[in-house]
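As structure tokens, the structure follows; a few thoughts come after it.
Labels below follow one simple rule: chain letters A, B, ... track the order of the sequence lines, proteins then strands, and each chain is numbered from 1.
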Amino acid sequence: MPNKKPTKVRTRFAPSPTGDPHIGSIWTALFNWLYAKHHHGNFILRIEDTDQTRLRPGAENKIIEALRWFQINYDEGPDIGGPYGPYRQSERLILYKDYADRLVTSEDAYYCFCAPERLQKLRLEQEKTKKPVGYDGHCRSLNAQESFKRVQSGELSIIRLKIPKIGETTVNDLIRGRVHFKNAVIDDQVLLKSDGWPTYHLASVVDDHLMNIDPVIRAEEWLPSTPKQLIMYKALGWTPPRFAHLPLILGRDRSKLSKRHGSTDILKFRDDGYLPGAIINYLALLGWNPKTSKEFFTREELIDKFDLNTVNKSGAIFDNQKLDWFNAHYLKSLPTLEIIRLAKPYLEQVGAKNLTDNQLEQISLLVAERAKKFSEVPDIVGFLFRQPDYEAKLLNWKTTNPAVTLQKLKRLIKLLESCPESDFSETNLEDIIKTVINEEKLGVGETLWPLRVALTGLKESPGPFITASILGKTKTLSRITQAIKKLS
RNA sequence: GGCGCCAUCGUCUAGUCUGGCCCAGGACACCACGCUUUCAAUGUGGGAACACGGGUUCGAAUCCCGUUGGCGCUACCA
């Protein structure tokens, strides 16, 4: 097992496979990855599956899937291996047990036999009397020999860290500077549970050390537990890594982003037709700034510019509107074929099939211009694939008399009937229709508005020329005919 | 309750270390106007913030102290 001082940056993303990959955890992964790559170091995926009760089948795969989608590529991980494996804590149990035993032997930890019921009662009482809640040290000064015998005889026990009663522990955080904690108020943390599995604190300390992780970059919620871990490093005779505690990603109400703020499943964003590059761009700018007014960054630029000393200390609200704005920009800059490819599943939703390349290309234009994300495709182009359904009076431009509208539509249908199918391109249609409008003084709004409504059935819609072009001659004529019927 | 973190427009932020160039800049959102056959896109413009109170200083968003507020942690969860 490698056990020397890290010579290069190694960061890790250490999620628990207990649910869907969360926006906040992907954000943490992103910063870890950016930092590692900026420093030409390694980024490691480690699965923290030590809570058997909260495990969710498939969760690990989803995490990996999300990382892949974002191309936040890890250099070592459970599925690809690496020199510091295994990378799943459930496969490292013996290690944790061993180090816990070592801590007991050195009397930096002790066996505790307190039943969960006793602990619960204790806490309830502490809460009622408004005393600081925490373990009361009931088993702390038990005779070590005696305790060992009890364990040998099969009595249920856990192992707790023996936090010094005096002094203070200082966390020197890369983002926050020095943070001091009085040891007296730190709880005797559980290290090994009665089922023999480690808690987060033991497992992460052991793994971060054994895997040569440095720095540890994680969310601010871990700051209060860092002194406990520092004490553990000291007891084990290890040099602790550097720590950086990132601000929290917040919901609208400024509390930690969670399910009650709506879905936090990052794969849901993929299913909603967001682009991974846009999300990364947006996420990178949350809690960090590149010291320029530039807004758009490629992954390479992000890696190049990223640093921990320009990370903010305060939490940042996740703002879907700005994400949408980023996504719209990324979507617009996509090549036509890529737009078509990504829009396809959504086109199928509205029953669009057998479209010609030409049609697809024009649809991609509409999508690029109007969609913030691909899930909006059905709303944007759906009218092309269903019979328009609207009130007849919608056909009239402003206060135009229906009889006049009828006249215009009749003129249009005559014009288009004489136009060969092959000339049904957007530019050509615009050309011939506008020419007639001008020559016969038909009025732009009075003519084009009814045409638009006839073709789309909508008050808000793309222009009539591109619509007619996509629809083709037959459908265009039939929709105008239908409008004329409505007015007659 | 205890411990800790944080504090600039509604939101993301620049400016804070190294006080004056800041009666505070940018972006999203919002509003108005322009373009226009609607919407969208786009262009132009607008409203919008240094949490509060004391210091220090010729001068404070920036330094110091206090207050308030928000958040996090306080499990045999992570």
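Nucleic acid contact class of A:Trp222 (heavy atoms, under 4.0 Å, all strands): base. In this structure, A:Arg254 reaches the sugar-phosphate backbone alone: every heavy-atom distance under 4.0 Å involves primed, P, OP1 or OP2 atoms, never a base. Nucleic acid contact class of A:Gln321 (heavy atoms, under 4.0 Å, all strands): sugar-phosphate only. A:Lys291 comes within 4.0 angstrom of the backbone, heavy atoms only, and of no base. Within the nucleic acid shown, A:Pro464 comes within 4.0 Å of at least one base atom, counting heavy atoms only. Nucleic acid contact for A:Thr199: sugar-phosphate only, since backbone atoms but no base atoms lie under 4.0 Å from a heavy atom of the residue. When heavy atoms are screened at a 4.0 angstrom cut-off, A:Lys256 is found touching the sugar-phosphate backbone but no base atom. Residue contacts shown for A:His245 are absent, as no nucleic acid heavy atom lies under 4.0 Å away. Residue contacts for A:Asp324: at a heavy-atom cut-off of 4.0 Å it reaches no nucleic acid atom on any strand shown. Residue contacts shown for A:Ser314 are limited to sugar-phosphate atoms, with no base heavy atom under 4.0 Å away.
Contact between A:Arg479 and A:Leu384 at its shortest, heavy atoms only, is NH2-O, 3.2 Å. Residue A:Glu295 comes nearest to A:Asn281 through the heavy atom pair O-ND2, 3.0 Å, listed as atom of the first residue, atom of the second, then distance.
Computed from coordinates, the A:Ile280 CD1 to B:rC12 P distance equals 21 Å when rounded to whole Å. Separating the NE2 atom of A:His329 from the P atom of B:rA40 is a distance of 15 Å, rounded to the nearest angstrom. Separating the CG atom of A:Leu285 from the P atom of B:rC28 is a distance of 12 Å, rounded to the nearest angstrom. The nearest whole Å value for the distance from the CD1 atom in A:Ile317 to the C1' atom in B:rA7 is 13 Å. Between the CD atom of A:Glu220 and the C1' atom of B:rC6 there is a distance of 7 Å, given to the nearest Å. Distance A:Arg218 CZ to B:rC73 P: 13 Å, rounded to the nearest Å. Distance, A:Lys393 NZ to B:rU38 P: 20 Å, rounded to whole Å. B:rC28 atom P lies 19 Å from atom CD1 of A:Ile279, rounded to whole Å.
Here the side chain of A:Thr50 is nearest to one of B:rG26, B:rC3, B:rA78, namely B:rA78. Listed nucleotides B:rA41, B:rA78, B:rU13 differ in distance to A:Ala316; the shortest reach to its side chain belongs to B:rU13. The side chain of A:Arg54 lies closest to B:rC77, out of B:rG72, B:rA14, B:rC77. For A:Glu295, whose side chain is taken as the heavy atoms from C-beta onward, the closest listed nucleotide among B:rA75, B:rA78, B:rA27 is B:rA27. Checked against B:rG15, B:rG1, B:rC12, the side chain of A:Lys322 finds its nearest nucleotide in B:rC12. The listed nucleotides are B:rA75, B:rC6, B:rA78; the one nearest the side chain of A:Lys313 is B:rC6. Set against B:rC71, B:rU38, B:rG15, the side chain of A:Ser255 has B:rC71 as its closest nucleotide. Nearest to the side chain of A:Val179, among B:rC5, B:rU13, B:rU37, sits B:rC5. Here the nucleotide nearest the side chain of A:Pro132, chosen from B:rA75, B:rG2, B:rU13, is B:rG2. With distances taken from any side-chain atom of A:Trp325 to the nucleotides B:rU38, B:rA29, B:rA78, the minimum falls on B:rA29.
For B:rC71 and B:rC30, the C1' atoms lie 28 Å apart once the distance is rounded to whole Å. Across the C1' atoms, B:rG55 and B:rG59 are found 15 Å apart, a figure rounded to whole Å. Rounded to a whole angstrom, the distance from the C1' atom of B:rC28 to that of B:rC23 is 25 Å. B:rU56 and B:rC64: their C1' atoms are spaced 7 Å apart (whole Å). Atom C1' of B:rG46 sits at a distance of 16 Å from the matching atom of B:rG26, rounded to the whole Å. Nucleotides B:rC6 and B:rU67 place their C1' atoms 16 Å apart, quoted to the nearest Å. With both ends at atom C1', the span from B:rA27 to B:rA48 equals 14 Å, rounded to whole Å. Comparing the P positions of B:rU16 and B:rC63 gives a spacing of 9 Å, expressed to the nearest Å.
Looking at heavy atoms from C-beta onward, A:Arg92 lies in side-chain contact with A:Leu210 at the 4.5 angstrom threshold. Residues A:Tyr110 and A:Asp188 form a side-chain contact, since some pair of their non-hydrogen atoms from C-beta on lies under 4.5 Å apart.
A donor-acceptor pair shorter than 3.5 Å cannot be found between the side chains of A:Arg452 and A:Thr467. Side chain to side chain, A:Asn312 and A:Ser314 fail the donor-acceptor criterion of an N or O pair below 3.5 Å. Using a 3.5 Å distance cut-off with no hydrogens or angles, the side chains of A:Ser204 and A:Arg12 do not pair a donor with an acceptor.
B:rU16 is unpaired under the criterion used here, namely a Watson-Crick or G-U wobble arrangement in which both key atom distances are under 3.5 Å. In this structure B:rC52 sits in a base pair with B:rG66, meeting the Watson-Crick or G-U test at under 3.5 Å. The base-pairing partner of B:rA24, taking Watson-Crick or G-U wobble contacts with both distances under 3.5 Å, does not exist among the strands shown. B:rA32 is paired with B:rU44 under the criterion used here, namely a Watson-Crick or G-U wobble arrangement in which both key atom distances are under 3.5 Å. Using N1 to N3 plus N6-O4 or O6-N4 for Watson-Crick, or N1-O2 and O6-N3 for G-U wobble, each under 3.5 Å, B:rC73 pairs with B:rG2.
For the pair A:Asn312 and B:rU13, the criterion of a side-chain N or O lying under 4.0 Å from OP1 or OP2 is met.
Remark: A:Arg102 does not engage A:Asp98 in a salt bridge, criterion side-chain N to carboxylate O under 4.0 Å. A salt bridge links A:Arg118 and A:Asp136; the closest N-O separation between the charged side-chain nitrogens and carboxylate oxygens is under 4.0 Å.
In this structure, A:Phe31 has its ring center closer than 6.0 angstrom to the ring center of A:Phe306.
Using a 30° and 60° split on the angle between ring planes, A:His209 and A:Tyr233 fall in the perpendicular class, above 60°.
Residues from residues 153-177 of chain A lying near RNA chain B, meaning a heavy-atom separation below 4.0 Å, are A:Ile158, A:Arg160, A:Arg176 in numerical order.
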